[in-house]
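For reference, the structure discussed in these notes is given below.
Letters go in sequence order (proteins before strands), and every chain restarts at 1.
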There are 2 protein chains.
Amino acid sequence: MTQKKNITFDDIAQYTHFSKTTISRYFNNPDSLTLENQQIISDALVKLNYKENKVARILANGKTEFVGILIPNLYLHYYSEMLNQILATYETYGYKFLVFIGHENAETERQYIQELLAYKIEGLIVLSHTLSSRELADLQIPIVTIEREDQYVCSINTDNYMGAIQATSLLARHNCDILIHINTPTADNIPAYGRIQGFMDFCKENNIKNRIFCHKTENTYDSSLQYLKDILEELETTYTGMRKGIFVSNDTHANILLNLIVRKYGRLPDDYYIIGFDDSPVAREAVIPISTIGQQIDRIANEAVSLLVSQMNERKKRKPVPLKEPIHKTITPILIRRETTEKEDLPENR
Amino acid sequence: MTQKKNITFDDIAQYTHFSKTTISRYFNNPDSLTLENQQIISDALVKLNYKENKVARILANGKTEFVGILIPNLYLHYYSEMLNQILATYETYGYKFLVFIGHENAETERQYIQELLAYKIEGLIVLSHTLSSRELADLQIPIVTIEREDQYVCSINTDNYMGAIQATSLLARHNCDILIHINTPTADNIPAYGRIQGFMDFCKENNIKNRIFCHKTENTYDSSLQYLKDILEELETTYTGMRKGIFVSNDTHANILLNLIVRKYGRLPDDYYIIGFDDSPVAREAVIPISTIGQQIDRIANEAVSLLVSQMNERKKRKPVPLKEPIHKTITPILIRRETTEKEDLPENR
DNA sequence: TTGTATGCGTTATCAG
DNA sequence: CTGATAACGCATACAA
């Protein structure tokens, strides 16, 4: 006994002897009906098994409540957790998200954006790096980017510089003889460059001997492994006997380095101090839990959506005042101390 | 100099002196126009900077090309990778995905489903475990589930049983004195139960001494850590000197166990053989790369969407023939041998 | 508090 | 090959 077809306001109107408009008001402005009539309609809805149709509503009022998300991948925990947190804001703001994975291909991403525009998204959150903020700004819709080049659009970023200072100063406090920073080539107009700058500035200001490794790697595990093997060898030969404080630009690489050391010595020798960045699960789950700079992904996601929502709301006003300047907001990361820097937590004590 | 408003077919029609209908045909059935006229319209589109509006199209033809996804979380790599692969099928089928994270809360999930229905999704992919397949089937829309209870709906699952056989037989081939299986309580109507069943059956058939640990843990790292610590202690005391082959039900737990052992001995002793399940990144990135049963997430995702698409297509026919019985498809996992079972790959050789 | 008429931007039906 | 007209389901001025 399947339903004949979709129930519409017309059907309800007929059934209740009200007009379509009244039915519509029941949903959008129920207080304008008598309690009695609200009840009548309410009963009719269940009786007829009405299912609302938001597509029709969109066409009529222009508000899709769609937000587009452009994200490079979900492989890195950082991105999947960010997506998770963004999606969770549905509870707060009610916006639905259309997600596209860009895979770092500019043409594909442009095509995705067109598709999103066709669905009349009200705003766009961009985590991909492929398209310039100039090009994004030309889209003429509210946009917020996260941790990427952001000159012409609003953005939320981690305070990478401060994170680097925290990491470096922690290593310094442990009286390391030399501070090492391991990274990969990073443009100086993206937030992550702060990790390098912060390290450099701190070492310079405090007159600490230091060294930066910054070579290109493929984006694969094997390539990273080889990169870190080479670095470890260099460290072992050049800085023998010195206490080495190593600030690695991300937890995945920190973990690889740690594993290489542990496999060589069966433990983390006293002359190695390591700290990563991101607070990925891999840092906590490492053979020796890795100290790290924790990005507050939940806060970043919430601020991003909040900033986007305020722009979208502005647009709905009678006389929208577009932002003169893009707003850039920064979230301070959190130092998380684990065993790779706090040597008193020995395995035996656990 | 911003555009006055959205350009519609009407504007294009006026501009080109065609009718709305012809403009519509240009998009949906261009061959029915002369090449000449196609060109005229095409030129007008760029001149007027037309942006298509799929919401209006949906309302007119009823095809949203939306598919809903209900997923428990994105914290586990398994889920985020599955989502990634599902989203990637956009390239093949063109369906857009509306994603909701259920967080294992039945009421929330029901509410999400209502929202999805309001957006007239054409089908639904469910990875959450909270709602029974009975309840899902009542939704009366095409549904495919992945790795969960699936009695009344179509599903794609990993062949967990076969995976367990592969894992267990690999351990057996290494002449282990005792085979251990570590798991958590699992209902026997969900696919993952096959991991336990396969282990038991293989041991029984081959008359191998074995033991199963299957206690409840919180879903936290610390709780898992404690669980595995207890197990390790038990193994060390009860099976001293025996060669232990351990099949852990997932890579995260396998990694925790491995780390406990490595921290104790500085290496993986010869009497331990370990294999996990899932092929998560953590298995490859472990201090000693962990052998595992690799779920073919890409294939599962593709089969799931493909199965869903075929149902959705059937629905669009004049005389749809609904499935008499739900279709269940199974994907065989792949044995991935790494160092925790192939001891000849010693650290020194790498 | 309720109803009428019209619009949202496209597709479908039926002519020509 | 092209066009007029009626859906699609709801929202919103404007009236009453």
Side-chain angles (χ1 to χ4, degrees), chain A residues 3-42 44-45 48-66 115 117-122 316 318, chain B residues 3-42 44-45 48-66 115 117-122 316 318:
Chain A
Q3 327 266 6
K4 1 199 121 186
K5 45 180 309 191
N6 279 335
I7 304 296
T8 74
F9 282 10
D10 263 325
D11 302 316
I12 305 168
Q14 286 203 314
Y15 185 88
T16 59
H17 303 296
F18 287 112
S19 71
K20 275 206 307 195
T21 316
T22 303
I23 311 301
S24 172
R25 268 193 275 266
Y26 171 82
F27 287 98
N28 299 306
N29 190 10
D31 295 340
S32 69
L33 309 196
T34 61
L35 280 176
E36 199 180 11
N37 289 345
Q38 288 185 38
Q39 191 58 51
I40 295 177
I41 296 179
S42 168
L45 292 181
L48 299 177
N49 188 24
Y50 169 74
K51 304 280 183 195
E52 58 180 337
N53 183 337
K54 293 216 178 183
V55 178
R57 173 218 276 262
I58 292 171
L59 190 59
N61 74 4
K63 297 170 190 170
T64 60
E65 298 187 326
F66 282 144
E115 179 83 343
L117 258 25
Y119 278 98
K120 302 301 165 188
I121 52 169
E122 296 185 38
K316 290 172 188 166
R318 315 201 64 84
Chain B
Q3 327 266 5
K4 358 200 127 194
K5 44 181 312 188
N6 279 335
I7 304 297
T8 73
F9 282 10
D10 263 324
D11 302 316
I12 306 169
Q14 285 202 316
Y15 185 90
T16 58
H17 303 294
F18 286 112
S19 72
K20 274 201 314 191
T21 315
T22 303
I23 310 302
S24 173
R25 268 194 276 265
Y26 170 82
F27 287 99
N28 298 308
N29 191 11
D31 295 340
S32 69
L33 309 194
T34 61
L35 279 176
E36 198 179 13
N37 289 345
Q38 288 186 37
Q39 190 59 49
I40 294 176
I41 296 178
S42 167
L45 291 180
L48 299 176
N49 187 25
Y50 170 75
K51 304 280 183 195
E52 59 179 337
N53 184 336
K54 293 215 178 182
V55 177
R57 175 219 275 262
I58 293 172
L59 189 59
N61 75 4
K63 297 170 190 170
T64 60
E65 297 187 329
F66 282 143
E115 180 83 343
L117 257 24
Y119 279 98
K120 302 300 162 187
I121 53 169
E122 296 186 39
K316 291 172 188 163
R318 314 203 62 87

Between P on D/dC1 and CD1 on B/Ile23, what's the gap in Å once rounded to a whole number? 16 Å
Can you find a donor-acceptor pair, distance only, under 3.5 Å between B/Lys20 side chain and C/dT10 base? yes
Between B/Glu52 and A/Ala118 (side chain of the first, backbone of the second, donor and acceptor by atom type, cut-off under 3.5 Å), is there such a pair? no
Do you know the tightest heavy-atom contact between B/Ile41 and B/Ile12? CG2-CG2, 4.5 Å
Report yes if the side chains of A/Tyr50 and A/Tyr15 come closer than 4.5 Å at any heavy-atom pair, otherwise no. no
Give the nucleotide from the list D/dA11, C/dT2, C/dT11 with an atom nearest to the side chain of B/Ala60. C/dT11
What pair of heavy atoms forms the shortest contact from B/Thr64 to B/Ile121, and how long is it? OG1-CA, 4.1 Å
Heavy atoms only: give me the nearest B/Gln38-B/Leu33 pair and the separation to one decimal. NE2-O, 3.3 Å
Using a cut-off of less than 4.0 Å, is there contact between a side-chain N or O of B/Ser19 and OP1 or OP2 of D/dG3? yes
Is a donor-acceptor pair below 3.5 Å formed from side chain B/Thr21 to base D/dA4, judging by atom type as modelled? yes
Take the angle between the ring planes of B/Phe27 and B/Phe9 and call it parallel below 30°, perpendicular above 60°, tilted in between. parallel
Between the side chains of B/Ser19 and B/Thr22, is a donor N or O closer than 3.5 angstrom to an acceptor N or O? yes
Between B/Asn37 and B/Leu59, which has a closest nucleotide on DNA chain D that is more 5'? B/Asn37
What is the distance, rounded to the nearest whole Å, between atom CD of B/Gln14 and atom P of C/dG9? 14 Å
Separation of atom NZ in B/Lys54 from atom C1' in C/dG9, rounded to whole Å: 14 Å
Does D/dG3 have its OP1 or OP2 closer than 4.0 Å to a side-chain nitrogen or oxygen of B/Thr22? yes
In terms of the nearest nucleotide of DNA chain D, which residue is placed more toward the 5' end: B/Leu33 or B/Asn61? B/Leu33
In this structure, how many angstroms lie between the P atom of D/dC8 and the CG atom of A/Asp11, rounded? 10 Å
Can you tell me how far P of C/dG9 sits from NZ of B/Lys51, to the nearest Å? 16 Å
CZ of A/Phe9 versus C1' of D/dA11: gap in Å, rounded? 9 Å
Under 4.0 Å, heavy atoms only, any strand: does B/Phe18 hit a base, just the sugar-phosphate, or nothing? sugar-phosphate
Taking 4.0 Å as the cut-off, does a side-chain nitrogen or oxygen of A/Tyr50 come that near to OP1 or OP2 on D/dC10? yes
I want to check one thing: is the phosphate of D/dA11, taken as OP1 and OP2, less than 4.0 Å away from some side-chain N or O of A/Asn28? yes
Give each protein N/O atom lying under 3.5 Å from an N/O atom of nucleotides 14-16 of chain C, with the pair distance.
none

Can you tell me how far C1' of C/dT2 sits from OH of A/Tyr26, to the nearest Å? 17 Å
From CA spacing to verdict: side-chain contact (heavy atoms from CB on, under 4.5 Å), A/Ile23, A/Thr16: CA-CA 9 Å; A/Ile23 311 301; A/Thr16 59; 3.9 Å; yes
Length of the CG-P vector between A/Asn53 and D/dA7, whole Å: 18 Å
